[in-house]
S.K.: 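Dumping the structure here so I can ask a few things about it.
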Amino acid sequence: TLADTLCEAEGNSRCWYSTPDGTGNGAIDNPGRLETLIPQLAAGDFLYLLDGVYSHYYQNNGTDYIININKYTNFSDPQPTTLQPITIKAYTPRGAIIRGDLARGCILVDGVSHVIFDGLVVEDCFNKGMRIGWDVPEQDIRLTNMEFRNIEYFDDSGFLYIHSYDNVVIEDSVFHDYIPKA
């Protein structure tokens, strides 16, 4: 019920809700899509991914990822900080599955700081389940209670690829089924 809605935001921060096929404004009773909600996030906000399989690739200035937070992504003001990060979290731990097409990576973070990812399953990605950093390194990314699985690789790959970012923290996460591409 709405009375039992999970919302951990404090003060002026907000909670947003997404579903794989959402078309709404991000309210719990009108969830939206990842690509429309991510730019609306501001310091201290939580974006909850409701249970389901998220497999829609979103193009953001030439890159295709399911969660695509690259240097051309602008969060809303106030900007996230160490004390008020943005959190992207599974509503039910490991109930939100980021499922790739085994031909591309699944999550990109580049040019942004102070973001927490919590409780997501990332699977069926190619070469990188998640790429942190490309050409605009920043800092302070946290992965908590994540599961990376069934990542196919060929070269320059990993479950998690970190390039030139400072203070990336990984805790209580599991990585399994790293598969060479035939």
Side-chain angles (χ1 to χ4, degrees), residues 4-11 13-20 26 28 31 34 37-38 41-55 65-70 73 75 79-100 102 104-134 137-153 156-179:
D4 298 326
T5 300
L6 177 62
C7 180
E8 298 170 85
E10 298 177 357
S13 299
R14 293 183 56 186
C15 289
W16 302 83
Y17 302 88
S18 177
T19 59
I28 185 68
L34 289 171
L37 297 179
I38 286 173
L41 301 174
D45 284 358
F46 281 74
L47 172 57
Y48 290 101
L49 279 60
L50 301 176
D51 290 1
V53 176
Y54 295 76
S55 58
Y65 288 87
I66 298 168
I67 297 179
N68 195 344
I69 308 172
N70 71 24
T73 302
F75 293 129
Q79 294 299 301
T81 66
T82 300
L83 296 176
Q84 287 194 299
I86 286 171
T87 302
I88 298 173
K89 183 175 185 172
Y91 191 80
T92 305
R94 303 212 179 143
I97 299 170
I98 309 302
R99 181 176 294 150
L102 292 173
R104 297 174 277 187
C106 291
I107 301 173
L108 171 64
V109 176
D110 184 48
V112 298
S113 295
H114 316 298
V115 181
I116 297 170
F117 293 87
D118 188 352
L120 306 175
V121 173
V122 182
E123 66 181 15
D124 296 345
C125 312
F126 180 65
N127 273 350
K128 298 163 186 73
M130 181 175 193
R131 180 177 186 147
I132 300 173
W134 194 314
E138 290 288 343
Q139 63 183 341
D140 195 22
I141 304 296
R142 180 178 298 270
L143 306 176
T144 301
N145 194 28
M146 300 284 286
E147 181 178 355
F148 289 83
R149 62 186 184 205
N150 198 37
I151 307 299
E152 282 194 359
Y153 71 91
D156 187 27
S157 56
F159 287 108
L160 177 62
Y161 181 95
I162 303 169
H163 182 278
S164 302
Y165 255 69
D166 289 331
N167 195 29
V168 176
V169 176
I170 304 163
E171 57 191 7
D172 300 324
S173 296
V174 295
F175 302 83
H176 60 91
D177 298 319
Y178 193 47
I179 304 163

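Keep in mind that what you see is a predicted model, and the values were worked out from it rather than measured.
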S.K.: Provide the closest heavy-atom pair for Ala90 versus Gly95 in the form atom of the first, atom of the second, distance.
M.R.: CB-N, 4.4 Å
S.K.: Is the shortest side-chain heavy-atom distance between Leu34 and Leu47 below 4.5 Å?
M.R.: yes
S.K.: Closest heavy-atom contact between Cys15 and Tyr48?
M.R.: SG-CE1, 3.7 Å
S.K.: Is it the case that the ring center of Phe159 lies less than 6.0 angstrom away from the ring center of Phe148?
M.R.: no
S.K.: Quick one, Val109 and Phe117 - any side-chain contact, counting heavy atoms below 4.5 Å?
M.R.: yes
S.K.: Does Ile151 reach the side chain of Phe175, with side-chain heavy atoms less than 4.5 Å apart?
M.R.: no
S.K.: Nearest 0.5 Å please: distance from the CZ atom of Arg131 over to the CD1 atom of Ile162.
M.R.: 11.5 Å
S.K.: If you measure from SG on Cys7 to CZ on Phe46, what distance do you get to the nearest 0.5 Å?
M.R.: 8.0 Å
S.K.: Donor-acceptor pair, distance only, cut-off 3.5 Å: does the side chain of Asp45 make one with the backbone of Arg14?
M.R.: yes
S.K.: Let's go through Val122 and Leu160 carefully: what are the C-alpha distance in whole Å and the side-chain angles of both, what is the deciding distance for side chain to side chain contact (heavy atoms under 4.5 Å, CB included) to 0.1 Å, and is it a yes or a no?
M.R.: CA-CA 10 Å; Val122 182; Leu160 177 62; over 6 Å; no
S.K.: Give the C-alpha distance, both sets of side-chain angles, the deciding distance and a yes or no for side chain to side chain contact (heavy atoms under 4.5 Å, CB included) between Ile98 and Leu49.
M.R.: CA-CA 10 Å; Ile98 309 302; Leu49 279 60; 3.9 Å; yes
S.K.: Kindly give the heavy-atom pair with the smallest separation between Val112 and Thr73, and that separation in Å.
M.R.: CG1-O, 4.4 Å
S.K.: Please examine the side chains of Thr5 and Tyr91, heavy atoms only from C-beta on, and report whether any two atoms are closer than 4.5 Å.
M.R.: yes
S.K.: Should Ile67 and Leu120 count as side-chain neighbours, where that means a heavy-atom distance under 4.5 Å?
M.R.: yes
S.K.: Counting N and O atoms only, with roles assigned by atom type, does the side chain of Ser18 sit under 3.5 Å from a partner on the main chain of Gly26, one being a donor and the other an acceptor?
M.R.: no
S.K.: List the atom of Ile116, the atom of Pro85, and the distance in Å for their closest heavy-atom pair.
M.R.: CD1-CG, 3.6 Å
S.K.: How many angstroms lie between atom CG of Asp166 and atom CD1 of Ile141, to the nearest 0.5 angstrom?
M.R.: 11.0 Å
S.K.: Where does the angle between the aromatic ring planes of Trp134 and Tyr65 fall among parallel (under 30°), tilted (30 to 60°) and perpendicular (over 60°)?
M.R.: perpendicular
S.K.: Looking only at heavy atoms, what is the nearest atom pair of Pro20 and Tyr54, with distance?
M.R.: N-CE2, 3.5 Å
S.K.: Taking the side chain as every heavy atom from C-beta outward, state whether Thr82 and Asn167 have any pair of such atoms under 4.5 Å apart.
M.R.: no
S.K.: Work out which heavy atom in Arg94 is nearest to a heavy atom in Ile97; give both atom names and the distance.
M.R.: O-CG1, 4.4 Å
S.K.: Roughly how far, to the nearest 0.5 Å, is CD1 of Ile170 from CG of Asn145?
M.R.: 13.5 Å
S.K.: Could you tell me the separation between the CD atom of Glu147 and the CG atom of Asp177, rounded to the nearest 0.5 Å?
M.R.: 9.0 Å
S.K.: What distance separates Asp140 CG from Tyr165 OH, expressed to the nearest 0.5 Å?
M.R.: 10.0 Å
S.K.: Could you check whether atom CD of Glu10 has more than 12 heavy atoms from other residues, nucleotides or ligands sitting under 6.0 Å from it?
M.R.: no
